[in-house]
Protein chains: 2
Amino acid sequence: MEELDRRIVQLLARDGRLSYTDLGKATGLSTSAVHQRVRRLEERGVLRGYRAVVDHEAAGMPLTALISVTPVDPAAPDDIPDRLRHLTEIDSCFSVAGEESYVLEVRVGTPGDLELLLARVRAAANVTTRTTVVLSTPWEDRSPLAAGESAD
Amino acid sequence: MEELDRRIVQLLARDGRLSYTDLGKATGLSTSAVHQRVRRLEERGVLRGYRAVVDHEAAGMPLTALISVTPVDPAAPDDIPDRLRHLTEIDSCFSVAGEESYVLEVRVGTPGDLELLLARVRAAANVTTRTTVVLSTPWEDRSPLAAGESAD
DNA sequence: CGTGAAAGTTAGAACTA
DNA sequence: TAGTTCTAACTTTCACG
């Protein structure tokens with residue numbers, strides 16, 4: 001990926017609503033040159049979409065937790081993600097190397113909701129859980145491509 | 001938060017580039033009524049911004065890991081997030097309840113980059129680390145407000 | 001990659017319930 | 001306070017050089 005593309009991706013990661021006009025000014029390209037590059041980045045799958053960043057507290061989901069998940073029956077076929085996908089409180093699902101099989105990042109309203117969610121996770125996927133409650137989030141979802149130098 | 005606002009937030013969380021015209025069609029409001037509500041949601045901090053979703057693999061940062069962090073000196077004042085903020089590979093930083101003090105979600109290019117990053121984390125914050133490598137990500141960053149109904 | 005024009009979108013003023 | 005319509009300015013999109 002070129003330097004210019006990297007810069008465009010970085011700018012859009014920080015502000016997904018930047019107009020092509022502004023992106024052009026920031027990169028020194030014309031509006032349609034930027035437009036073309038953005039379309040190519042979208043087609044290539046580098047830019048996978050655009051999202052509003054929601055404040056979970058303001059939106060009534062103030063409690064975040066990380067749930068580590070271990071299958072009860074290690075011999076059973078592992079379709080755990082499929083069994084959990086309908087639980088909309090699960091923000092992210094990571095398959096991990098380590099003692100446990102998966103780590104879930106979940107968002108709920110109250111401790112009571114968390115308790116209910118844990119029960120549903122265990123029932124849906126036949127797993128045991130180990131839960132780490134998040135007390136505060138100094139920061140989150142920072143631009144992943146933040147640097148253009150140290151990656152490779 | 002009202003039902004209409006919830007719907008708007010949900011739609012924008014899924015597609016942050018929806019036009020007010022389309023949001024209006026989806027909610028049954030006029031363009032400028034939606035516009036007004038979105039501005040209010042932005043002012044109230046419910047909508048904190050807009051981001052492009054970057055494919056980390058395509059962007060050259062294919063390795064994700066979760067790093068649990070414990071201070072070496074529990075008596076020292078805890079300014080760990082401040083000491084780590086400059087490390088751009090750290091996507092999110094959670095302060096957690098449990099054996100460890102923080103969990104970091106990081107994104108790097110190679111195992112070698114991860115090794116380097118761990119050294120920098122330990123040096124910058126005077127901490128020990130326990131690292132869990134992410135093997136795959138069945139899904140990530142799903143709309144947090146996903147339901148307006150089934151949460152409780 | 002740039003230009004320019006048509007179609008579509010945003011922002012805000014004036015007005016209404 | 002929350003909504004509508006109207007309109008000017010801006011943005012996106014696309015054919016062409």
Side-chain angles (χ1 to χ4, degrees), chain A residues 1-62 109 141 143-149 151-152, chain B residues 1-55 58-60 141 143-149 151:
Chain A
M1 191 163 63
E2 277 180 65
E3 187 49 38
L4 266 167
D5 284 337
R6 200 188 298 279
R7 183 138 177 66
I8 289 170
V9 169
Q10 198 177 136
L11 286 161
L12 283 173
R14 273 213 293 243
D15 178 357
R17 291 206 132 178
L18 269 181
S19 70
Y20 296 123
T21 314
D22 290 345
L23 277 173
K25 278 178 198 156
T27 53
L29 291 176
S30 73
T31 327
S32 38
V34 174
H35 185 198
Q36 221 173 122
R37 274 171 187 267
V38 170
R39 284 223 319 202
R40 236 178 296 140
L41 288 164
E42 287 170 350
E43 274 159 21
R44 280 168 48 203
V46 179
L47 292 174
R48 286 175 37 188
Y50 302 87
R51 297 259 175 89
V53 180
V54 178
D55 182 310
H56 309 295
E57 314 227 348
M61 307 285 267
D141 292 330
S143 203
L145 173 60
E149 358 73 10
D152 53 7
Chain B
M1 191 163 61
E2 276 179 65
E3 186 49 38
L4 266 166
D5 284 336
R6 202 188 298 280
R7 184 138 176 65
I8 290 170
V9 170
Q10 197 177 138
L11 287 161
L12 283 173
R14 274 213 294 244
D15 179 358
R17 290 208 133 176
L18 270 180
S19 71
Y20 297 125
T21 314
D22 289 346
L23 277 173
K25 278 178 198 156
T27 53
L29 290 176
S30 72
T31 328
S32 34
V34 174
H35 184 198
Q36 229 172 117
R37 273 175 186 265
V38 170
R39 284 226 318 200
R40 234 177 300 136
L41 288 164
E42 287 170 349
E43 273 159 22
R44 280 168 47 203
V46 179
L47 292 174
R48 285 175 35 189
Y50 302 87
R51 298 261 175 88
V53 181
V54 178
D55 183 311
D141 292 330
S143 204
L145 174 58
E149 356 74 11

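Worth saying up front: this structure is predicted, and the values here are computed from it rather than measured. Here is the naming used below: chain letters follow the sequence lines, and residue numbers restart at 1 for every chain.
In the displayed structure, Arg17(A) atom CZ is contacted under 6.0 Å by more than 12 heavy atoms of other residues, nucleotides or ligands.
Side chains of Val53(B) and Asp141(B) form no contact here, defined as non-hydrogen atoms less than 4.5 Å apart.
Separating the CD atom of Gln36(B) from the P atom of dC15(C) is a distance of 16 Å, rounded to the nearest angstrom. One can place CZ of Arg44(B) at 14 Å from C1' of dA2(D), the figure rounded to the nearest angstrom. Rounded to whole Å, the distance from CD on Glu43(B) to C1' on dT1(D) is 15 Å. Here dT9(C) presents its P atom at 13 Å from CG of Asp15(B), a figure rounded to the nearest Å. Across the protein-nucleic acid pair, Lys25(B) atom NZ and dT4(D) atom C1' stand 17 Å apart, rounded to whole Å. One can place CG of Leu18(A) at 17 Å from P of dC10(D), the figure rounded to the nearest angstrom. One can place CG of Leu29(A) at 10 Å from C1' of dG2(C), the figure rounded to the nearest angstrom. At whole-Å resolution of the value, OH in Tyr20(A) and P in dG8(C) are 17 Å apart.
Evaluation of atom-type donor-acceptor distances gives a pair under 3.5 Å for the side chain of Ser32(B) against the base of dT5(D).
A distance of 9.0 Å separates CG in Leu47(A) from CG in Asp5(A), rounded to the nearest 0.5 Å. Atom CG in Leu23(B) sits 9.5 Å away from atom CZ in Arg7(B) (nearest 0.5 Å). Separating the OH atom in Tyr20(B) from the OG1 atom in Thr31(B) is a distance of 11.0 Å, to the nearest 0.5 Å.
Remark: Arg40(B) is not in phosphate contact with dT1(D), judged by side-chain N or O atoms under 4.0 Å from OP1 or OP2. Distances shown here put a side-chain N or O of His35(B) below 4.0 Å from the OP1 or OP2 atom of dA11(C).
In terms of position along DNA chain C, the nucleotide closest to Val34(A) lies nearer the 5' end than the nucleotide closest to the other residue of the pair Arg17(A) and Val34(A).
Here Ser30(B) lies in heavy-atom contact (under 4.0 Å) with a base. If you check every strand for non-hydrogen atoms under 4.0 Å, Arg39(A) touches sugar and phosphate atoms only. Within the 4.0 angstrom heavy-atom criterion, only backbone atoms of the sugar-phosphate kind lie near Arg37(A); the bases stay farther away.
In the set dG3(D), dT12(D), dT10(C), dG3(D) carries the atom at the smallest distance from any side-chain atom of Leu4(B).
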